Number of protein chains: 2
Amino acid sequence: MPTIKDIATQAGVSIATVSRVLNNRGGYTEETRKKVMRVAENMNYYRNEMAAGLKKSAARIIGLIMPKSSTLFYGDIIEGLESVAQQRGYGVIIAHASGDGINLSEIISIMAERRVEGLVIASFALAQNVITQINGLPFPVVLVSTQSDDSIPYIKVDDEAAAFDATEYLIQHGHQKIAIAGPNVTDKIAGMTRIKGYERAMMKHHLPIDPNWIFYGDFSFEAGIHAMKHYFQLSNRPEAVFSVSDDTAIGIMNTAIQEGLQVPADIAVIGYDNTRVARMANPALTAISQPFFQMGEKAGNKIMSAAADNIPIQSEILPHTIVERQSV
Amino acid sequence: MPTIKDIATQAGVSIATVSRVLNNRGGYTEETRKKVMRVAENMNYYRNEMAAGLKKSAARIIGLIMPKSSTLFYGDIIEGLESVAQQRGYGVIIAHASGDGINLSEIISIMAERRVEGLVIASFALAQNVITQINGLPFPVVLVSTQSDDSIPYIKVDDEAAAFDATEYLIQHGHQKIAIAGPNVTDKIAGMTRIKGYERAMMKHHLPIDPNWIFYGDFSFEAGIHAMKHYFQLSNRPEAVFSVSDDTAIGIMNTAIQEGLQVPADIAVIGYDNTRVARMANPALTAISQPFFQMGEKAGNKIMSAAADNIPIQSEILPHTIVERQSV
DNA sequence: CTGAAAGCGCTTACAG
DNA sequence: CTGAAAGCGCTTACAG
């Protein structure tokens, strides 16, 4: 590929002048500019960002790491991040780590080697060695839709409050026997906190909780199917379910409907995330909405600002909302 | 950040030796190796890929461009691509272009500037100027799930054959009055070809086509809703629908069910893509399956091979299948 | 086994 | 307004 040296030779100027013209630095005649530009176009020149980045010690790249097989809502995070990056001439480089975060450390190293100016990590529970590694990194890192100890900034929704609101929403719609389906016990962020919020809402309204109503799972569609089958066998069957993901909620609804129940008449269901499957459910799913696109945008903006001004990133709790549809 | 020069000073060797050790090039004593490695770790050293890439003229990056707001199946393409890339130490850098491909040319330039070793472009109808630009690029480009003229290699399913199979599947299940919903007239790849396949299947089985059965759209969920509402008003109502996307198929099913119809008893529906929403539909959606993950893998492998051996990429038609569920 | 040196393609102070 | 030169952090032939 042609370099500025080739252009310089062709145009009969120095590489310094070529560089100035190409970067609009000023300090050359209009005639020089035209000549250089013409030659550059004729040669089909593309500037070498690696060389420029090396010289300027700025790769203009943001890294994004997320769990494997999670077409869930990551699309929106990617798009939000990439849109603000593109606006400022940044690129975003993506890597998937296994869901358990085993190879996370290795992938973080690769990002560091590529000299990303910042890194956003989505939805992992971070092991201690990874936290240590992150704290030693010479560029900003921000967690999205997850959190760890306070050493790493995060952008997320208040899961406990959202779970509380979801449960209370069900209560306000006349339900008393309310179950919670899908949370993972070992997940301190998205699992336990949501159970807490659920319990707090029930407590506040003096509603008893039947332990059988708490059905653990892995946030999946199948978990919803299993949950509903489990509820069917209960003598004290719940009349409403707070589901910790949209997928799980849909599994619950489909199973209930296939068994002859009506949603929401016989059993009301509220989901969590408000991914695109929510409105495609039948009945359309009422759900807690997490602003994923916005999370991606915020993460990108915070990183680019932090990289530019060398200011630490502040954590941020984003507001959740309830998108009302037909399942409650 | 520390450089090999810092390590060299600390370890009391030359930068050449540091480089050799760090790259496992051999040609040093075990003692030297240990000393260098120890110093490198203590300094929290991360190699600078930009510098290495500049020197070796190989960025070890693959670019991926896809349309905005398309959480549809791109997740799988990304994962497939990224998994093979990661295996070979490549990174993947992502950019979204507006759906109409307006800013595609600019984004391709940015990819070229980052010296990607290859580029995969998903699902765009390419304008002539973009085709010209691509043909002038000094690295391999491959289209995924779309195609243009024969100058650019592609990886896709045979849309016409798949549409033919979908339609014939409906016929084999006893349906005669078959509609097609959702295709975009202006889309030469995913739109017109699928209509052709549909028509060919109907023709082969001597089944008449009522022009009212062909309902154009944009592959969206809403298009399905509109399509079904349209079919409801027909005196000659179809008893089965071939939908050009899963989303559109679900729009059709939900609308039909809400109006009291049974799926598939009153109206059978077959989708296209087999994205994750298909099995979450109620009834679960029978659909043509496109192997998106595999497409991403193939694209990545072809590009890395082409970049390594400088061999042109061969187009490839991947087999589609019909995933049978409950909607037909 | 090891080091000095050239060079990848840029940017940018410095001097004129 | 323009150019010569240094330098970003590496890799790699060359010489010893």
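Here is how names work: the chains are called A, B, and so on, in the same order as the sequence lines, proteins then strands, and each is numbered from 1. What you see is a predicted model; the values in this text were computed from it and never measured.
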Using whole Å, report how far CD of B:E49 lies from P of D:dG9. 15 Å

More than 12 heavy atoms from other groups under 6.0 Å of CD on B:Q314: no

Which residue pairs pass the side-chain hydrogen bond (donor to acceptor under 3.5 Å, both in side chains) test with at least one member in residues 49-58 of chain A, sequence neighbours excluded? A:R47-A:E49

With ring-ring contact (aromatic ring centres under 6.0 Å, His included) as the rule and sequence neighbours excluded, what pairs involving residues 34-57 of chain B come up? none

Can B:Q133 and B:S109 be counted as having a side-chain donor-acceptor contact under 3.5 angstrom? yes

Out of curiosity, A:I62 CD1 to A:L81 CG, how far, rounded to the nearest 0.5 Å? 5.5 Å

Starting at atom CZ of B:R115, determine the distance to atom C1' of C:dC10, rounded to an integer number of angstrom. 10 Å

Basic-acidic side-chain contact under 4.0 Å: A:K302, A:E316: yes

Does a nitrogen or oxygen in the side chain of A:Y45 sit under 4.0 Å from OP1 or OP2 of C:dC10? yes

Whether A:R33 and A:E30 form a salt bridge (side-chain N of Lys/Arg under 4.0 Å from carboxylate O of Asp/Glu) is what I want to check. yes

Considering residues, nucleotides and ligands other than A:D150, do more than 12 of their heavy atoms fall under 6.0 Å from its CG? no

Check the distance between D:dC10's P and B:M50's CE and give it to me in whole angstrom. 10 Å

Using whole Å, what does the distance between atom C1' of nucleotide C:dA4 and atom NZ of B:K5 come to? 14 Å

For nucleotides 11-14 of chain C, tabulate all protein N/O to nucleotide N/O atom pairs closer than 3.5 Å, reporting atom names and distance.
unit_1, atom_1, unit_2, atom_2, d
C:dT11, OP1, A:N23, OD1, 3.4
C:dT11, OP1, A:N23, ND2, 3.1
C:dT11, OP1, A:R47, NH1, 2.8
C:dT11, OP2, A:S19, OG, 2.5
C:dT11, OP2, A:N23, ND2, 3.0
C:dT12, OP2, A:R25, NE, 3.0
C:dT12, OP2, A:R25, NH2, 2.9
C:dA13, N6, A:R20, NH2, 3.2

Sequence-distant partners of A:E106, salt bridge (Lys or Arg N to Asp or Glu O under 4.0 Å), two or more places apart: none

Would you write out the dot-bracket form of DNA chain D, 5' to 3', with Watson-Crick and G-U pairs under 3.5 Å, [ ] for crossing pairs, | for pairs to other strands and . for unpaired bases? |||.||||||||.|||

Does anything in residues 31-40 of chain B reach DNA chain C, meaning a heavy atom under 4.0 Å, and if so which residues? B:T32

Distance test, side-chain N/O of A:T3 to OP1/OP2 of C:dG9, below 4.0 Å: no

Interatomic spacing from CE in A:M111 to CZ in A:F139 - rounded to 0.5 Å: 9.0 Å

Give a yes-or-no answer on whether the side chains of A:S151 and A:D149 include a donor-acceptor pair shorter than 3.5 Å. yes

Between C:dC8 atom C1' and A:M1 atom CE, what is the distance in whole Å? 14 Å

